[in-house]
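Here is the structure we will look at.
Sequence positions, counted from 1, serve as the residue numbers for this chain.
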Amino acid sequence: MDNVNNHFESKRIVFVTVGTTSFDSLVKTVDSDQVKEALLEKGYTHLVIQMGRGSYIPKKSSGEDGSLVVDYFTFSSTIADYLRSASLVISHAGSGSIFETLRLAKPLIVVVNEDLMDNHQSELAEELAERKHLFCGRPQTLCEVIKSLNLDVIVPYEPAPSKSES
């Protein structure tokens with residue numbers, strides 16, 4: 001059993017989640033050679049994409065040629081397990097995904113879906129990025145965000161005490 005744990009420890013997993021929606025522009029972007037190369041250069045070994053209701057199907061890869069190992073799925077009842085195993089999370093701007101990832105103290109890049117009409121989610125993501133709790137981008141800027149990623153500047157997110165605790 002120790003060999004399994006040691007093998008798992010050597011993995012540096014990037015988990016991408018779009019939640020229950022369709023966000024093909026994010027899935028296409030993370031599936032691009034440029035983004036996968038940027039992730040490899042940062043030392044990541046695996047890319048796991050939760051693609052939701054999207055129609056774009058990413059390319060799977062076993063990583064045998066020195067590339068990222070890539071896998072995908074549509075939905076899972078155990079998203080928290082994927083978040084816990086991740087070294088980096090790339091997420092849509094849904095508040096549930098953002099706060100669940102921050103509570104787990106995982107480095108997070110939030111990608112705003114500019115195709116949404118009422119994009120209140122971008123305000124949340126941009127505010128949390130300004131406070132240095134996460135990084136924020138758009139599908140077209142994701143590669144640059146990854147290349148300039150400096151996890152040392154992240155400020156741990158401390159949830160405000162609930163009214164019952166104060």
Checklist entry - Between N113 and S25, does any side-chain donor sit less than 3.5 Å from a side-chain acceptor? => result no
Checklist entry - Between Y157 and H133, how do the two ring planes meet: parallel, tilted or perpendicular, split at 30° and 60°? => result perpendicular
Checklist entry - So, does R12 use its side chain to make a donor-acceptor pair with the main chain of L40 at under 3.5 Å? => result no
Checklist entry - What residue pairs, at least two apart or across chains, pass side-chain hydrogen bond (donor to acceptor under 3.5 Å, both in side chains) with a residue in residues 97-107? => result H92-S97
Item to check | Shared hydrophobic cluster, F135 / L104 (ILVMFWY, side-chain heavy atoms < 4.5 Å) | outcome: no
Checklist outcome for this item: Residues A86 and F15: closest non-hydrogen pair is CB-CB, 3.8 Å
Checklist entry - Going through the distances and angles, do D31 and K28 end up as a salt bridge (charged side-chain N to carboxylate O under 4.0 Å, His left out)? => result CA-CA 5 Å; D31 193 40; K28 281 180 191 170; over 6 Å; no
Checklist outcome for this item: Hits for ring-ring contact (aromatic ring centres under 6.0 Å, His included) against Y72, two or more places apart or cross-chain, chain-then-number order -> none
Item to check | Non-hydrogen side-chain atoms of R84 and D81 separated by less than 4.5 Å | outcome: yes
Next on the checklist: How close do V69 and G63 get, counting heavy atoms only, and between which atoms?
Outcome noted: CG2-CA, 4.0 Å
Next on the checklist: Please give me the minimum heavy-atom distance between V70 and K59, naming the atom from each residue.
Outcome noted: CG1-O, 3.3 Å
Checklist entry - Is K60 atom NZ crowded by more than 12 heavy atoms from other residues, nucleotides or ligands, each under 6.0 Å away? => result yes
Checklist entry - With a 4.5 Å limit on heavy-atom distance, are the side chains of S87 and Y44 in contact? => result yes
Next on the checklist: In the structure I gave you, are the side-chain heavy atoms of L83 and V89 within less than 4.5 Å of one another anywhere?
Outcome noted: yes
Checklist entry - Is there a side-chain contact between F73 and Q50 (heavy atoms, below 4.5 Å)? => result yes
Item to check | C136 versus V145, closest heavy-atom pair with distance | outcome: O-CG2, 3.9 Å
Checklist entry - Quick one: are L108 and L102 in side-chain contact, heavy atoms under 4.5 Å? => result yes
Item to check | Same cluster (ILVMFWY, side-chain, under 4.5 Å), I49 and L68 | outcome: yes
Checklist entry - What heavy-atom pair brings L134 and A125 nearest, and what distance separates the two atoms? => result CD1-O, 3.5 Å
Checklist entry - If Ile, Leu, Val, Met, Phe, Trp and Tyr residues are connected whenever their side-chain heavy atoms lie under 4.5 Å apart, and connections chain through other members, are V110 and I154 in the same group? => result no
Checklist entry - Below 4.5 Å, heavy atoms only, C-beta onward: do Q140 and E114 meet side chain to side chain? => result yes
Item to check | Between CD1 on residue I13 and CG on residue L39, distance to nearest 0.5 Å | outcome: 13.0 Å
Checklist entry - If you group Ile, Leu, Val, Met, Phe, Trp and Tyr by side-chain heavy-atom gaps below 4.5 Å, do V18 and V48 land in one group? => result no
Next on the checklist: Is there a continuous path of hydrophobic side-chain contacts, each under 4.5 Å between heavy atoms, that joins I57 to L47?
Outcome noted: yes
Next on the checklist: I'd like to check the salt bridge (Lys or Arg N to Asp or Glu O under 4.0 Å) partners of E37; sequence neighbours left out, ordered by chain and number.
Outcome noted: none
Checklist outcome for this item: Rounding to 0.5 Å, atoms CD (E41) and CG (L149) come to a distance of 12.5 Å
Checklist entry - Quick one: are T74 and R53 in side-chain contact, heavy atoms under 4.5 Å? => result no
Checklist outcome for this item: For Y56 and D24, the nearest pair of non-hydrogen atoms, with its separation, is N-OD1, 3.2 Å
Checklist entry - Looking only at atom types and distance, does a side-chain atom of Q34 sit under 3.5 Å from a main-chain N or O of C143, one as donor and one as acceptor? => result no
Checklist entry - For the atom pair CG (L26) and CD1 (I90), what is the distance rounded to the nearest 0.5 Å? => result 7.0 Å
Item to check | Among V111, V16, T17, T29, the one residue meeting side chain to side chain contact (heavy atoms under 4.5 Å, CB included) with F23 | outcome: V111
Checklist entry - Roughly how far apart are I146 CD1 and I109 CD1, rounded to 0.5 Å? => result 5.0 Å
Next on the checklist: Has K36 got a side-chain atom pairing as donor or acceptor with V30's backbone, closer than 3.5 angstrom?
Outcome noted: no
Checklist entry - Looking at R138 and E126, does any basic side-chain N land under 4.0 Å from a carboxylate oxygen? => result yes
